[in-house]
Each structure stands twice: as C-alpha cells, then as structure tokens.
There are 2 protein chains.
Amino acid sequence: MTRNDPPRPVTIIDVAREAGVAPSTVSRALSNPDRVNVVTREHVQQVAARLGYRPSPAARALGTGRTSTLALVLPDITNPYFAGLIRGAERQAEATGHILVIGNSEESARAEARMVERLAPSVDGFLLGSSRLPDAKIVQFSAMRPVVLVNRRVPSVTSVSPDQQDGTRQIVEHLVALGHQRAIFLAGPPQSWLGGQRWAGISAAARRHHLTVRRLGPYAPSVDGGFLAGEAALADGATAVIAHNDLMAIGALRRLRSRGVSVPDDVSMVGFDNIFGADFCDPPLTTLSDRTEQAGRSAVDLLVALVRDQSRLDGETPAEIVAPTTLVVRESTGPVRR
Amino acid sequence: MTRNDPPRPVTIIDVAREAGVAPSTVSRALSNPDRVNVVTREHVQQVAARLGYRPSPAARALGTGRTSTLALVLPDITNPYFAGLIRGAERQAEATGHILVIGNSEESARAEARMVERLAPSVDGFLLGSSRLPDAKIVQFSAMRPVVLVNRRVPSVTSVSPDQQDGTRQIVEHLVALGHQRAIFLAGPPQSWLGGQRWAGISAAARRHHLTVRRLGPYAPSVDGGFLAGEAALADGATAVIAHNDLMAIGALRRLRSRGVSVPDDVSMVGFDNIFGADFCDPPLTTLSDRTEQAGRSAVDLLVALVRDQSRLDGETPAEIVAPTTLVVRESTGPVRR
DNA sequence: TTGAAAGCGTTACCAA
DNA sequence: TTGGTAACGCTTTCAA
C-alpha cells in the first residue's frame, strides 16, 4: 500500500502569492489588522480563509518569543479539589487565545521545580497551584517567567488565594456555637502554605473564643492519610476534629466509623475544600468552600496581563486577590453531647 | 525604577563558539550523540551544561515539524473518572519527553472538533478520551494527525478501551445470582460510545440469563442527571438499576433515598467507573472498575509510537487494546427481597 | 499603506 | 566525523 504524503501546510507565502501582496502584508492583515488598508485586509483575510491558512505557532513563537501557552502545575492532579481550578484555567486560557499545559508534581517540591524548569522554555508563564516550593524558589522562578500563585501568597508575587483567616473564624465560631471546648487539628504536609494559614487562623480564632485546639500530624493530605490521622484523633478525646482538607476528613470519618465512634454525636468533623463527595459521604461533611473555578479564571487573567506587560514586571506592586470562603454546614457537625 | 533586561538565552551558537566547533556539531552532539566523535561530544555536552544551554522548543519545532507536545481532549475534566487518565497520560508524556496539553469539550461534539482544530498546529498528536465525535470526524482527524482513542473504538484508529462486553456480563451475572429478574438501565448521552457498548452488552447478557432490562434516558452523565433518572426509575418497579456511570448512580442513589426507597433492600444499584467517592457514598456503590491510569499510560505510548513513525500511518493495522474490567461489589447491591 | 529583507534558533543536507 | 549553509514560517524593522 502506497503512502500519500501529507499535504504541505498552507504558509503565509502561499496566501501572499494568491492574494497578490507581500508576505509581510499578509502577516499584518492577520495579526495587526489596523495597520493595513481595509480593502487589502479583507481581501487577504478572505484568501487566507479560502486556502485554509493556519499560522504556525512554532514560527510565530520563534519570531516573537511568545508561545501563547500557559502552564498549570499542581501537586496532585487527581485531588478532586483541583478539578474546578483546572477547568476554570482551561476555559479562560482558551478564551484568551492560549493553550494550557498541565504538570503534576506529586506533592514533591523537587519534582515541582524540575517541572517548572522543564516547561519554562515552552510556555509564556506559570500558574502554580498550592505550590510546595520554598518562597525563595518561587521568587527566583518569577524573575525568569511570569508566575501567578494559586492558594499561596509570597511577597512580590501575584496570587489568588482563599481567605483562610475569615474561613477559620467561621469554622471556630460554628464549633463554639455548638458547645465544643476541645478540638484537634489534623495537619497536612508541612510544605502546604494553606495548611500553615489554616493552623494559624484556627489558633488565633480559638484563642479568642476560648477553644482549646491541639495539632496532630503532619499527615498525607489524602483519604489514606486521614484514615491514619483518625486513629490518632481517637486517642485525644476532643469533641471536634478539623482536618487539613476534605480528603483527610473523609478518611478520618471512615476510621471513626470503623471504630464505632458516631459523627456527629460523639465527634464533630470539619474539612476544607468542599470537594466532590463532601456532600454525599456519610455523614455529609461540614467544610469550608471556596470558588476554585473562579480562582482558575482570575489567575489566568492575571497571568495573561503579566505576560502582555512583562516590562513592568519589576517595580510594580503585584496583585494579590484574596477570595471569600463560605462554611457549608452539613451533618458531620453537631452539638456537644452532655 | 529601572528594569534590567532579561538575560538573552544561551543559544546553540554560543555553545559552538565556546566549544570551538560548528553549530551543527553542537546540534548533533546534543540530539544525535552517536553521529559525533566521543571526545567532541563530551566536550560539547560539558560546555552546554556549563553555559546552561536550553534548546528552544520553538526553533526545534520549526525545523523538524515536531513539537514534542501531546494533547489530551476530554468531555469533562471535572469528572473524577478522568483524573486517573490525566495523571497516567501526564506521567507517561513526561517519561517520553513530551508536554501534555489539556482540552475540555464540555460534552459537546462541536466544541471537541473546534478544540482539535485549534490545538492541531501545536501538537504532534491527540489523545481523545471518551470522544463525542462521530466516527467519520475521528477518521478525518486521524488522517491529519496521529490519534489514539481512549474509551472508544473506531475501525482503522488506534485505541485503548475497557472490555465492556465482559464487564456487563459480570454485572448481569451478579444481579442474576442475587435473584433479580427485572432491571432498568439508565442511559447516558447518545454520543457516548461506551454507553452504547454498555447497553449492547447488558442486553446481550440479560437475554442469555433471562433478565428483563428496560432502557431509560438519555440523561446527562452527571450527579444531577442521575438524580433526575432516579425519579424515572422509581416508576418502573424493577428491582435493580444499572446506571450509565457512577456519577449518575450516585445521583440516583440520593433520589431513591430521598423517596424512602432503601438500597439495596428495595432496589440494587450498579454503576460504571469506580470513581473517587464510589467507595464512601451511602451505601457504597457496586461498580465496574477499569484501570484508567494504566489506560492513560498505554495510550501515550501508542501515540508516541505513531508520532515517531508517521510514515506507516496508512496501511497498518492499528493497535486496539481492550483492557480488562473488574466488578467491585459493595453494599449497593443485594439479594431480591421476597 | 506596502514591500523587501533581516532575523529568530534549530535541524538537515551536502561537502569536505 | 565535521563544517558550511540553506531551509523552517513568521514578525518586524526599515525604506519606499
């Protein structure tokens, strides 16, 4: 069987010849429409369309240094929490004419750094979600390529993060209102900035409300990690458990249940993230919710702005969006049994 | 505040000058190590490393026509079912030196086609997951760029799909063993090839085992869709419900529960996919499981092979991997109550 | 407003 | 085994 060579793609030169103008005019007519005569422009555009011309991203990138590609790097693609972020970022990337590449760091700072270095030559900028990198590394990267952080704040770097201070206040007040006096916090990975914020916020709010909180951990921010953590929580005797995230909360829930501990009758459980599943686990989970899809969109917008205006990268006060959070009260929290 | 220009990246020419060889030699030493003298090669590689040389993907792509980028297009990025697929594909892409871009078609065939056309100039090939496109369109695309289908089979196109025939057999035999005689199937989107396979497999197996199965739908393949479908299922009076996927099964579960129908005492429920949450919904769901992460890896391997060997694209019998499936029996299925 | 031509960084072909 | 050089397709000066 003989092979018919793939048709050579239509180039700007083909369009130029067909339209009877110079290649540079075609280029302008297509990407700088204002800088060309109306009739010429429309003629060129028609010819281009008729010939099925598709600009070569590689050639364009080589000339301009812009790839029209954005990278989204996450510690764990499979955490349902990130699904909304991915979707929001992808949508907005598409809306702004960009392609979104995805990177998974598997919860490892080293892998995250490698990923950024690997992707750097191919993308215009980075969205770092729940970055496990040390501040210094992030600052260093953001000097090379535009960076927008999601779920993390670092001085001088643009970011979008949920309001953990207000969120933890909501959690603590909810528990206090239910009569709880002793709670424990199941900590996630030490590299999690959000985890640090959560603990800090909980401690501060607890102090104000005379709630005693102990911190246990760190644990892996997964269902398995929560299962393990649930074991330790049992020993403490607190009436409320606040888990680093919903994954852990769900794991802990299973552990408690398997030990015959009733939630919320014996122990109340609170998570963070309001992930898929938080509303149908048993019992449905009280959790702090934030709008991840919106965060993804905003982050892309910020990143695109940075990319378009790299010259002002230094000296500018970077945007820091702090997004509102809402406590979603479900059946995993209840009044303390007397 | 003055702006310090970003340092001009190190090019192959810089390396050549520093190493005292020609640019073409540098190129070879780096990408075709065999075609260059050992000492020269090592010298060049050292110099390149010392200078921190990073090849320009754009320049390389322009020269070779290869972008080292693969696209993964999915109908719904947020469906937890796809998390494993994404992760497997991303891992294997990285392992084979590729970048993975992601596209979301939002369950729309038109959006999927647009996505493919938009991405085509930027990638070496496509992974189409649970594609909603008509066969003809897929064949057409695969003539332009290498395509590997996941969760779909189309004659003459390479694919990886779970064995639905065997899977549905397992489901039907499980239900029959529990004494069920009447079941209903809650159908998903008509464009879902897997949905078609599921219905076909169920019908065939049911016939062999004298199980009566009615088909209801189509419904949206989501929790909300399942909630709606649950309503309709109630009216039927069957003792078993097989949902198009776990999302729908979970939705239907909630609906039945809210109507006071006990699962599995009154009705048994079976899903497909074994997604995150299937093990902790209430009751935990009996569902047909397949290895999505493995599928993602295999699909990337197949795609990379196609890309590397485009010349044999026509005339070759394409690979069709049919992966095993396993019924995971949990508490949502039980014996028929007499 | 348009055209001509010089890059952009690699690869690949052809000589040497 | 190496070097010289012409692409690759587009953008962007610089002139006209």
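- Closest approach to the B/Arg28 side chain among C/dT2, C/dT10, D/dG3 is made by D/dG3 (side chain taken as heavy atoms from C-beta onward).
- Per the geometry, CZ belonging to A/Arg17 stands 15 Å off P belonging to C/dG3, to the nearest Å.
- Under the 4.5 Å side-chain criterion, counting only non-hydrogen atoms from C-beta, B/Val101 is in contact with B/Thr69.
- Which of C/dG3, C/dT10, D/dG4 sits closest to the side chain of A/Ala22 comes down to C/dG3.
- For A/Thr25, whose side chain is taken as the heavy atoms from C-beta onward, the closest listed nucleotide among C/dT10, C/dG3, D/dG9 is C/dG3.
- Counting non-hydrogen atoms under 4.0 angstrom, A/Val26 reaches nothing in the nucleic acid.
- Shortest non-hydrogen contact noted between B/Arg132 and B/Ser192 is NH1-CB, 3.6 Å.
- One can place CZ of B/Arg54 at 15 Å from C1' of C/dG9, the figure rounded to the nearest angstrom.
- Atom NE2 in B/His43 sits about 11 Å away from atom P in D/dT2, given to the nearest Å.
- Between the CZ atom of B/Arg8 and the P atom of C/dG7 there is a distance of 14 Å, given to the nearest Å.
- Rounding to whole angstrom units, OH of residue B/Tyr53 and P of C/dG9 are separated by 10 Å.
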Exercise for the section: Give the C-alpha distance, both sets of side-chain angles, the deciding distance and a yes or no for salt bridge (charged side-chain N to carboxylate O under 4.0 Å, His left out) between A/Arg91 and B/Glu106. Expected result: CA-CA 10 Å; A/Arg91 276 198 182 165; B/Glu106 323 243 342; 2.7 Å; yes
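- Distance CG (B/Leu62) to P (C/dT11): 11 Å, rounded to an integer number of Å.
- Rounded to an integer number of Å, the gap from CZ of A/Arg60 to P of C/dG9 is 18 Å.
- Contact check of residues 30-41 of chain A against DNA chain D (heavy atom, cut-off under 4.0 Å) returns A/Ser31.
- Closest of all the heavy-atom pairs between B/Ser159 and B/Arg153 is OG-CG, 3.5 Å.
- Judged purely by atom type and a 3.5 angstrom limit, B/Asp124 uses its side chain to pair as donor or acceptor with the backbone of B/Ser68.
- Rounded to whole Å, the distance from CD1 on A/Ile13 to P on D/dC8 is 8 Å.
- Checked for salt-bridge contact, B/Lys137 and B/Glu112 miss the test: no charged N lies under 4.0 Å from a carboxylate O.
- An OP1 or OP2 oxygen of D/dT11 is reached within less than 4.0 angstrom by a side-chain nitrogen or oxygen of A/Ser27.
- Under 4.0 angstrom from either OP1 or OP2 of C/dT2 there lies no side-chain N or O belonging to A/Ser24.
- For the residue pair B/Pro55 and B/Arg60, the shortest heavy atom distance occurs at CB-NH2, 3.5 Å.
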